[in-house]
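This report concerns only the one structure given below.
Side chains are part of it too, since the values below use all heavy atoms of this structure and drop only hydrogens, waters and symmetry mates. Quick caveat: nothing in here was measured; it's all calculated off a predicted structure.
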Amino acid sequence: MRINKYLSAKGVCSRREADRLLEAGRITVDGAVAECGQQVDDNNIICIDGSKISNDKPEDILIAFNKPVGIVCTTTNKQGNNNIVDYIGYSERIYPIGRLDKESDGLILLTNNGEITDRILRSVNGHEKEYIVKVNKNITKDFLDKMSAGVYLKELNVKTKQCRIYKVNSNTFRIVLTQGLNRQIRRMCQELGYKVEKLTRIRVMNIELGDLACGEYRVVEGAEKEKLYNSL
């Protein structure tokens, strides 16, 4: 099995994260630095940063976390000590499903299940994410119409997919996206002459932020977890 798929199946990390670790030279197989696309199985000794991974697949963990502004969605401390994993300090190895930029707050899911991570992040599946966004000036009907129809992003050379958007008050809107381009909402607003002052994610698929306090997390389980898994 390809090493990125193997690590995902074992619940170590997502395939994307495995590829990043491979490119950084942080994974070894039987003592040698691993290569992207390398074939491995349970007979190989695989280490990340020198720590051997277990061949046993752990029980699924799924956590909903209300990320504060300033926390970085990474599993390393290369950007300082404000990475999300260290901030939460969970007893088991977990990693974020996707990203929420440093300047934004709100809901992000974390897990130890690489396959679930890959399925949620796969944009072709059209999984919904919902946000509350405050901008620097009054929201017009023209702004709402253009946002919902899709905005061409020069920096990324792509037009965003159609989305649902609702005006909350004069300078705040709620938006539901089914794709996850880098800093997508901020870029969309910028193209239309607006600047985002506050961005909070309030929902990922059926998982809602609710009244979860900033900086706190809860374990997702029972019917809520089952509904998410069934939708994948």
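In this structure the side chain of Gln39 reaches within 4.5 angstrom of the side chain of Arg2, judged on heavy atoms. Between Arg15 and Glu115, the closest side-chain pair of non-hydrogen atoms falls below 4.5 Å. For the pair Asn112 and Arg93, the minimum side-chain heavy-atom distance is 4.5 Å or more. The closest side-chain heavy-atom distance from Phe143 to Asn138 is not below 4.5 Å. The side-chain heavy atoms of Ile94 and Tyr217, taken from C-beta on, include no pair separated by under 4.5 Å. With a 4.5 Å cut-off on side-chain heavy atoms, Asn157 and Tyr152 count as touching. Using a 4.5 Å heavy-atom threshold, the side chains of Leu62 and Leu228 count as touching. Contact check for Thr140 versus Tyr194: side-chain heavy atoms found under the 4.5 Å cut-off.
Lys146 NZ: 12 or fewer foreign heavy atoms inside a 6.0 Å radius. The number of heavy atoms from other shown groups lying within 6.0 Å of CD (Glu35) does not exceed 12. The neighbour count for Asp211 CG, taken as heavy atoms of other residues, nucleotides or ligands under 6.0 Å away, does not exceed 12. Within a 6.0 Å radius of NZ in Lys227, other residues, nucleotides and ligands contribute 12 heavy atoms or fewer. Surrounding CD of Glu191 are more than 12 heavy atoms belonging to other residues, nucleotides or ligands, all under 6.0 Å away.
Arg201 CZ to Asp105 CG: the interatomic distance, rounded to the nearest 0.5 Å, is 10.5 Å. Leu7 CG to Ile53 CD1: the interatomic distance, rounded to the nearest 0.5 Å, is 5.0 Å. Rounded to the nearest 0.5 Å, atoms OG (Ser231) and CE (Met205) are 3.0 Å apart. Residue Lys134 holds its NZ atom at 11.0 Å from CD1 of Ile139, rounded to the nearest 0.5 Å. If you take CD1 on Ile88 and CZ on Phe65, they are separated by 4.5 Å, rounding to the nearest 0.5 Å. Going from atom CG of Leu199 over to atom CD1 of Ile185 covers 4.5 Å, rounded to the nearest 0.5 Å.
The backbone N or O of Thr172 lies less than 3.5 Å from no partner atom in the side chain of Lys198, so there is not a single donor-acceptor pair. The backbone N or O of Glu224 lies less than 3.5 Å from a partner atom in the side chain of Asn206, making a donor-acceptor pair. Between the side chain of His127 and the main chain of Arg119, a donor-acceptor pair closer than 3.5 Å is present. A donor-acceptor contact shorter than 3.5 Å is absent between the side chain of Arg174 and the backbone of Val168. Looking at Asn4, its side chain never comes within 3.5 Å of a backbone N or O of Asp19 through a donor-acceptor pair. Between the side chain of Asn44 and the backbone N or O of Ile46, no donor-acceptor pair lies under 3.5 Å. Put simply, the side chain of Lys67 gets close to the backbone of Ser104: a donor and an acceptor are under 3.5 Å apart. Side chain of Arg203 to main chain of Glu130: no donor-acceptor pair is present (N/O by atom type, distance under 3.5 Å, no hydrogens or angles). In this structure a side-chain-to-backbone donor-acceptor pair under 3.5 Å is missing from Asp101 to Arg183. The backbone N or O of Gly106 sits nowhere less than 3.5 Å from a side-chain atom of Thr200 that would complete a donor-acceptor pair.
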May I have the step-by-step check of side-chain contact (heavy atoms from CB on, under 4.5 Å) for Ile207 and Arg218, ending in yes or no?
-> CA-CA 11 Å; Ile207 311 300; Arg218 64 179 178 86; 3.8 Å; yes
Leu209 and Asn66: side-chain contact (heavy atoms from CB on, under 4.5 Å), yes or no, with the steps?
-> CA-CA 7 Å; Leu209 181 63; Asn66 188 346; 3.6 Å; yes
Given the rule in the side-chain contact (heavy atoms from CB on, under 4.5 Å) test, do Met188 and Gln184 qualify, once you have shown the distances and angles that lead to the verdict?
-> CA-CA 6 Å; Met188 291 171 73; Gln184 180 173 339; 3.7 Å; yes
Do Thr111 and Ile120 pass the side-chain contact (heavy atoms from CB on, under 4.5 Å) test, and can you show the C-alpha distance, the side-chain angles, and the key distance before you say yes or no?
-> CA-CA 11 Å; Thr111 186; Ile120 291 177; over 6 Å; no
Dump the intermediate steps for side chain to side chain donor-acceptor pair (under 3.5 Å) on Asn182 and Arg187, then the final yes or no.
-> CA-CA 8 Å; Asn182 181 252; Arg187 292 180 190 274; 3.0 Å; yes
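Follow the hydrophobic side-chain contacts under 4.5 Å out from Val29 and you reach Met1 in the same cluster. Residues Leu192 and Val135 are members of one and the same hydrophobic cluster, defined by side-chain heavy-atom contacts under 4.5 angstrom among Ile, Leu, Val, Met, Phe, Trp and Tyr. A single hydrophobic cluster is seen to contain both Ile61 and Val219, as judged by linkage of ILVMFWY side chains at heavy-atom distances under 4.5 Å, directly or through other members. Val133 and Val176 sit in two unconnected hydrophobic clusters of ILVMFWY residues. Membership requires side-chain heavy atoms under 4.5 Å apart, directly or through other members.
Considering all non-hydrogen atoms of both residues, Leu212 and Glu216 come closest at CD2-O, 3.5 Å. For the pair Asp42 and Tyr6, the tightest heavy-atom approach, listed with the atom from each and the gap, is OD1-OH, 2.6 Å. Annotation for Ile165 and Ser148: closest pair CG2-CB, 3.7 Å, computed over non-hydrogen atoms. Counting all heavy atoms, side chain and backbone alike, Cys47 lies closest to Lys52 at SG-CA, 3.8 Å. Shortest non-hydrogen contact noted between Ile84 and Pro96 is CG2-CG, 4.0 Å. Of all heavy-atom pairs between Val12 and Ile48, the closest is CG1-CD1, 3.5 Å.
No hydrogens or angles considered: a donor-acceptor pair under 3.5 Å links the side chains of Asp118 and Ser8.
Here Arg20 does not pair with Glu23 in a salt bridge; the nearest charged N to carboxylate O distance is not below 4.0 Å.
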